[in-house]
Protein chains: 2
Amino acid sequence: MVQIPNPPAPAPPAPKRSVPTSADVARLAGVSRATVSYVLNNARAVRISEPTRRRVREAARELGYVPHAAARSLRAGHSRMVLMPAPAFPVGPLYSRFINELQAALSLLDYTVVQHGTIGVHDDEAARAWAELRPVAVLVPGSGLGPRGVEVLKRSGARAVVTLGPETVEGAHALLMDHDVVGHSAGAHLFDTGRRRIGVVVPGERGLDTFSAPRLAGVRAAVRGTDATVTELPLAHDEEAAASLARRWRDLGLDAVFAYNDEYAMLLMRALQDEGIRIPEETAVVGADDLMLGRLLRPRLSTVHLELPSGQELADLVDRAVRDPSASPEAHKVLGARTIRRDST
Amino acid sequence: MVQIPNPPAPAPPAPKRSVPTSADVARLAGVSRATVSYVLNNARAVRISEPTRRRVREAARELGYVPHAAARSLRAGHSRMVLMPAPAFPVGPLYSRFINELQAALSLLDYTVVQHGTIGVHDDEAARAWAELRPVAVLVPGSGLGPRGVEVLKRSGARAVVTLGPETVEGAHALLMDHDVVGHSAGAHLFDTGRRRIGVVVPGERGLDTFSAPRLAGVRAAVRGTDATVTELPLAHDEEAAASLARRWRDLGLDAVFAYNDEYAMLLMRALQDEGIRIPEETAVVGADDLMLGRLLRPRLSTVHLELPSGQELADLVDRAVRDPSASPEAHKVLGARTIRRDST
DNA sequence: TTGAAAGCGCTACCAT
DNA sequence: ATGGTAGCGCTTTCAA
């Protein structure tokens with residue numbers, strides 16, 4: 001290492017070259033842009049000599065050339081981008097796994113999956129924001145998209161719009177996930193095990209009503225026409241709220257509760273136990289989602305196990321829809337639910 | 001309504017109009033494309049008469065015109081897209097909230113946040129995939145991005161690359177989240193409360209080693225030079241694995257365990273209790289992440305509370321970096337940790 | 001106040 | 001086998 005005394009003022013760090021384009025690659029390789037495109041895209045319709053290919057690839061590597069997706073899809077008239085809104089609240093392991101499966105499956109079909117952070121933007125405005133990206137398909141969980149939004153997306157070239165939610169939307173494919181069945185399964189289970197005065201926890205957090213409302217309705221439906229009663233129990237996800245509910249528990253005179261999901265079940269069960277209420281003797285508790293934590297509680301938590309569609313299925317639906325956009329929208333009921341009895345009921 | 005007998009073969013449903021462009025809007029409004037652009041972008045430098053503005057807006061509305069983001073950013077030479085990889089494993093409420101804050105803050109600064117579903121794609125390949133979208137900034141949690149990846153992104157015009165992880169990466173800004181401090185806090189707490197033979201749970205799930213390794217190292221560092229010992233305890237997130245570990249617990253001769261996080265702590269604590277081991281008398285247990293569930297366990301779980309940076313802070317860092325890309329990369333230590341003592345230690 | 005036109009990076013058609 | 005080039009949708013300068 002040579003010692004350099006008094007180096008001059010520090011040189012500006014690497015004079016920010018501008019972004020290399022295919023023209024730069026062509027220049028460096030001594031060929032035309034067309035040839036570059038052919039080589040880098042492995043165009044089969046055209047024969048390029050092996051030496052030329054090498055020169056082009058070498059030049060691209062040397063410049064650190066990365067094709068410009070926007071230019072490409074502008075030229076092509078379409079993209080392979082599948083867009084979905086990023087969830088606005090913490091999602092459990094179930095949904096996480098579903099998303100990952102989906103991404104993997106779509107990647108294999110050569111789509112690019114992108115979650116768009118749409119926050120505080122409502123309905124049609126969100127649809128417009130998505131449409132600007134000209135995705136080839138849009139997947140929307142929940143019930144945030146109306147027929148107008150679907151129309152905007154289709155008018156902007158989306159070849160498939162799929163909703164994952166409680167109801168079908170005009171013009172869109174639907175994976176019907178009616179959480180009704182979850183409540184129904186829980187309600188039926190509680191009724192079958194002799195419970196007649198059933199409470200149903202309804203979380204305070206907004207954004208969850210998409211799920212909680214149908215789950216409640218499902219319980220109601222399950223015991224309709226019987227002598228059982230259903231009581232709605234609003235509950236925030238916080239210890240104090242749970243304790244307060246537990247304190248007036250005996251006054252409520254309930255012999256069972258469907259706690260919305262396993263986490264709320266854990267919260268409520270703890271509060272009830274602290275209040276000295278015996279589970280399941282005095283009150284049966286059933287959760288939902290079949291999380292690990294339910295098995296770790298004492299008594300072990302009975303829970304409604306959900307069967308989500310596989311990511312693969314949805315990916316296939318998307319691909320089919322993209323290939324044949326004229327096909328009329330499919331609607332699939334995809335949510336299965338069965339109650340797993342453990343020790344809390 | 002005229003009755004038409006024997007209608008011919010069902011007409012193709014709504015002859016798929018093609019996507020309206022600003023030229024279509026111009027035509028319908030009877031103006032030039034330039035005028036359309038001025039009106040729809042509220043160009044201040046140019047005065048357009050009110051009647052014209054109305055005609056243009058009306059035409060745009062009628063056609064359902066949505067500008068084409070790719071064309072726009074192609075012309076502009078840059079986009080306002082901030083890209084981050086979508087997490088490949090279930091993330092807890094902490095991280096979820098962080099992402100949401102970040103998205104909200106960036107939206108306010110007029111950026112579009114997009115999570116790119118990069119799955120099964122490694123390192124530089126991932127960086128290339130991201131670079132194709134020409135994001136103005138890239139945020140990468142974890143340690144999946146090397147100096148080469150950073151270089152690819154910068155060469156493709158990314159004005160800011162920020163890593164959120166254990167170490168700085170050449171050329172990128174860094175939010176240093178060294179989980180070291182988490183283990184350190186737990187280790188110190190256990191030591192201070194008189195424990196000397198400390199176990200540290202290391203989750204079996206891959207993808208988590210980014211966090212678990214430094215957490216383990218932190219515990220080691222905390223008791224270095226003392227008479228305390230640290231024992232690594234590999235553990236899968238499953239009941240059987242926990243039970244098996246609990247069965248050989250007494251042989252291990254440990255008097256404390258840092259369980260990686262609250263969920264693993266719950267898993268292990270349950271197994272230990274089922275084995276008849278008294279907590280905290282025989283073994284102290286401390287988790288991390290300060291989740292609600294820790295407060296619901298009995299004994300209440302001591303835990304390491306993490307202080308993540310606020311989404312706002314990161315958004316500001318990104319914005320600063322985008323505005324002045326020449327500024328040399330900042331590195332901030334942003335992970336705070338303090339142990340909250342409850343009843344399990 | 002409005003319009004004509006260039007050009008962003010890329011691909012695919014048509015020549016050579 | 002390779003090159004020239006039009007044109008995707010948009011913004012912006014320059015002219016009228």
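We name chains A, B, ... by the order of the sequence lines, and we start the count at 1 in each one.
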According to a strict under-4.0 Å criterion, is B:Thr52 in side-chain N/O contact with OP1 or OP2 of C:dT2? yes

For [X] and [N], what is the distance between atoms [atom1] and [atom2] respectively, to the nearest whole Å?
{"X": "B:Leu40", "N": "D:dT12", "atom1": "CG", "atom2": "P", "result": "13 Å"}
{"X": "B:Asn42", "N": "D:dT11", "atom1": "CG", "atom2": "P", "result": "12 Å"}
{"X": "A:Ile48", "N": "D:dG3", "atom1": "CD1", "atom2": "C1'", "result": "10 Å"}

Does the protein touch nucleotides 6-16 of chain C at the base, only the backbone, or not at all? Give it as B, S and - per nucleotide, heavy atoms under 4.0 Å. BBBBBBBB---

A:Asp319 with A:Arg323: basic N within carboxylate O range, under 4.0 Å: yes

Mind checking the CZ-CG spacing from A:Arg155 to B:Leu63? Nearest 0.5 Å is all I need. 7.0 Å

Atom OG1 of B:Thr112 and atom CG of B:Leu106: how far apart are they, to the nearest 0.5 Å? 9.5 Å

So which atom in B:Pro135 and which in B:Ser79 form the shortest heavy-atom distance, rounded to 0.1 Å? CA-OG, 4.1 Å

Give me the atom names and distance for the closest heavy-atom approach of A:Met84 to A:Leu102. SD-CD2, 4.0 Å

Would you indicate whether B:Arg80, at its atom CZ, is surrounded by more than 12 heavy atoms from other residues, nucleotides or ligands within a distance under 6.0 Å? yes

